[in-house]
There are 2 protein chains.
Amino acid sequence: MDDSPPRADAPADDRNGRRIVPGTASRADRPADRPAARTGRRYGNRPTMKDVAARAGVGLKTVSRVVNGEPGVTPDTERRVQEAIQALGFRRNDSARVLRKGRTASIGLILEDLADPFYGPLSRAVEEVARAHGALLINGSSAEDPAREQELALALCARRVDGLVVIPAGDDHRYLEPEIRAGVAMVFVDRPAGRIDADVVLSDNFGGARDGVAHLIAHGHRRIGFIGDMPRIHTAAERLRGYRAAMEDAGIPVAEKWISLGATDPERVRRAAEEMLSGPEPVTAVFTGNNRVTVTVIRVLSRHPRPVALVGFDDIELADLLQPGVTVVAQDAAALGRTAAERLFLQLDGDGAQVPPERIELPTRLVMRGSGELPPVQ
Amino acid sequence: MDDSPPRADAPADDRNGRRIVPGTASRADRPADRPAARTGRRYGNRPTMKDVAARAGVGLKTVSRVVNGEPGVTPDTERRVQEAIQALGFRRNDSARVLRKGRTASIGLILEDLADPFYGPLSRAVEEVARAHGALLINGSSAEDPAREQELALALCARRVDGLVVIPAGDDHRYLEPEIRAGVAMVFVDRPAGRIDADVVLSDNFGGARDGVAHLIAHGHRRIGFIGDMPRIHTAAERLRGYRAAMEDAGIPVAEKWISLGATDPERVRRAAEEMLSGPEPVTAVFTGNNRVTVTVIRVLSRHPRPVALVGFDDIELADLLQPGVTVVAQDAAALGRTAAERLFLQLDGDGAQVPPERIELPTRLVMRGSGELPPVQ
DNA sequence: CTGAAAGCGCTTACAG
DNA sequence: CTGAAAGCGCTTACAG
């Protein structure tokens, strides 16, 4: 932020091109208690049930009954309490309620990056299920950093979320064992938990990749490249395994220079793609390991002299409108999120822990749009 | 979820194609207290500071000092407390802490739809700022429903979030006045608050749309269509105003059949586009009011016999790789989120409420890629 | 350096 | 139908 935003009467543009217009209310228009409120102590002197009780001339418990819609209050008493609530602007403090009740009606979701288009629909699906169960959703991005994942997960446990949906960045989740034992529901999505036994919801990464690569082989390709994410990431490893299986099924020996695993930043991926597309025996087709890789490889191929076939893992928007359309192995991100969240509430609702951990695998779908059906061009 | 998941030893596919494999741990392997833990009462018998104190043979306050890293504890006492913490698997209950301290170190973000690619980067930016201030982020989607926005906002206030970043669905936010007065920080993003005076961070919707339409006019178009969102949405109204201003600046009278406002579902947008592209005097260019509209119109135009120029509000992924590339008025979603969140913490940190509401407007950027530079074809 | 008491704002368990 | 007391798990304010 700027240290000294413009305060002139006429709107002025600051050096970032932002236009800043002072609000229409002067400080004098504000309620006198605002400054005190803003100091942040005691929620800014918010009225409590005790205040409501005093004003309505009833006991604390009666206010609690009215606020929670419990029976056993005469209409007249109820009216008086409601009036006091209105007059004071009372809103129940759910953090106090939570302390007493033991359940917070909130769940956490830890994912890699909220800005990744794959996680938007997943996150929304988790939110919808949470909403249906009356729970709020706390979101956190691990940025693919195991330390940050752990920090976030434990912070959410300290807030006493009822459950946690985790897309793991790390590969050792023993640090969560005490939390699970203490009753925090836990479901892992997209990748399995490391070194603990817990519910996990996955796409069929192996099968999807194998089918995608087999599709390229069926269209005559033999020199097929694979560009994927860091091998320590489960999905990346599984998809590579699918690639190798398809090649082996077809009796095609794999040259290791056709394979590139690593960070998915555009620069690294571009170099990897250009490398396997050059030399005396370039690949005639590429299988890309996720949406970010696919997007970069599309850019590289669009500038490439020869047509090169492409199948990508994950669907991408507008894939059908490119020339050629992009053939993909699509996974259903929303279904992953929904299934995981439902599983979480199954754990939470089944009082008695009748829910042994399961591994649920969702199918992928090969969507043919053109790029995966191109014949090999030497 | 299934009522009766398969329990066979071999993996089986259920009718949705999901493969379910029972976990490797049998119930007997679980700690004996697990069933009780899962009933959800009392956070599953979690150890408290009192338990730690008893085990370490110290007072409650000493445990509190160690847990919070406060000074005034001998190394030996500290060690004994740490051992008890480890042995018991103690984790401080932040909801109790919050009740005493008055600040929850959490903020809320209410947006339209987490699954919309525009909100992913915005949400992530808010999260990063929150993280830098040690706060967690609670996310909620209003689904463009004012009632749901209000329900969410008030639920978050009941949880006593320290502040709220709101992308408004409704146009009357007086219901938030008591909360603001009680000290909840509040910033509106993307659209202004309705009927209350509050901080707001916007893109220059009017100027961006005007520039985009002027760009089409500069390339020779006179019959230019506008397809936008529902007119009650501020951004839609502003962008339409920009369209009209550009047309008026160029002395071009606007035929009302060139304008279509409404829901942004593909079906409605497709019909609107096809309508203005047909008849004796069809439009030769279209300005689309947001990313969802743009995507649908691209599909319509790709099947259209004549080339039609297109400029869209909001950038979209792969826009540069389409034929032609899609010219857009880009706004910086991450900057909107970051600016709003920084503003929120400015309110929170300025103890004394020295922060009068402001309206901050971020510039847009015209990105030329081909579709907006097509000449008119009658 | 250490800890007992009071209190944050609710709900629970109980008594009238 | 109504309410006083105790307690959820911490922190605050204070006394030793």
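Chain identifiers are assigned alphabetically (A, B, ...) following the order of the sequence lines, protein sequences preceding nucleic acid strands; residue numbering begins at 1 within each chain. The analysis underlying the following values was restricted to heavy atoms, covering all of them including side chains, and did not include hydrogens, waters or symmetry mates.
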Look at the side-chain N and O atoms of A/Thr74 and state whether any lies under 4.0 Å from the OP1 or OP2 oxygen of D/dT2. yes
Salt bridge present between A/Glu83 and A/Arg79 (N-O < 4.0 angstrom): yes
Tell me whether A/Asp76 is salt-bridged to A/Arg80, with the criterion being a basic N under 4.0 Å from an acidic carboxylate O. yes
Over how many whole Å does the gap from B/Lys50 atom NZ to C/dA4 atom P extend? 12 Å
Separation of B/Asp51 atom CG from D/dC8 atom P, in whole Å? 10 Å
Nearest 0.5 Å, what's the CG-CD distance between A/Leu111 and A/Glu144? 10.5 Å
In terms of the nearest nucleotide of DNA chain C, which residue is placed more toward the 5' end: A/Glu70 or B/Gly59? B/Gly59
Between A/Arg124 and A/Glu128, is there a salt bridge with N-O shorter than 4.0 Å? yes
Any N or O donor-acceptor pair under 3.5 Å from the base of C/dG7 to the side chain of B/Arg100? yes
Within less than 4.0 Å of OP1 or OP2 of C/dT2, is there a side-chain N or O belonging to B/Thr77? yes
Tell me: CZ of B/Arg103 to C1' of D/dC10, nearest whole Å? 19 Å
Looking at the side chain of A/Asn93, which of C/dT11, C/dC10, D/dG9 is the nearest nucleotide? C/dC10
Looking at C/dT11, C/dT2, C/dG9, which one has an atom nearest to any side-chain atom of A/Leu99? C/dG9
Would you classify A/Asp94 as touching base, sugar-phosphate or nothing, given that sugar-phosphate means primed atoms plus P, OP1 and OP2, and contacts are heavy atoms under 4.0 Å? nothing
B/Lys61, nearest nucleotide to its side chain (from C/dA4, C/dC10, C/dA13): C/dA4
From the list A/Asp190, A/Ile167, A/Val165, side-chain contact (heavy atoms from CB on, under 4.5 Å) partner of A/Leu122 resolves to A/Ile167
Given that B/Arg65 and B/Ala96 both sit by DNA chain D, which one's nearest nucleotide is further toward the 5' end? B/Ala96
Assess the residue pair A/Ile180 and A/His173 against the criterion (side-chain contact (heavy atoms from CB on, under 4.5 Å)); give the C-alpha distance rounded to whole Å, side-chain angles, the decisive distance to 0.1 Å, and a yes or no. CA-CA 11 Å; A/Ile180 294 173; A/His173 296 92; over 6 Å; no
Look at the side-chain N and O atoms of B/Lys101 and state whether any lies under 4.0 Å from the OP1 or OP2 oxygen of D/dT12. yes
Of the listed D/dG9, D/dT11, D/dT2, the closest approach to the B/Met49 side chain comes from D/dT11
Which of D/dC10, D/dT2, C/dG3 is nearest the side chain of B/Thr62? It is C/dG3
Using OP1 and OP2 only, check whether a side-chain N or O of B/Thr48 sits under 4.0 Å from D/dC8. no
May I ask you to decide whether A/Glu179 forms a salt bridge with B/Arg46, counting only side-chain N to carboxylate O separations under 4.0 Å? yes
Given pairs defined as Watson-Crick or G-U wobble with both distances under 3.5 Å, what dot-bracket annotation applies to DNA chain C, with ( ) intrastrand, [ ] crossing, | other strand and . unpaired? |||.||||||||.|||
Measuring from atom CG of A/Asp197 to atom CD of A/Glu177, what distance do you get when rounded to the nearest 0.5 angstrom? 9.5 Å
May I have the distance from A/Leu60 (atom CG) to D/dA6 (atom P), rounded to whole angstrom? 14 Å
Describe the nucleic acid contact of B/Val67 in one word from base, sugar-phosphate, nothing, applying a heavy-atom distance below 4.0 Å. nothing
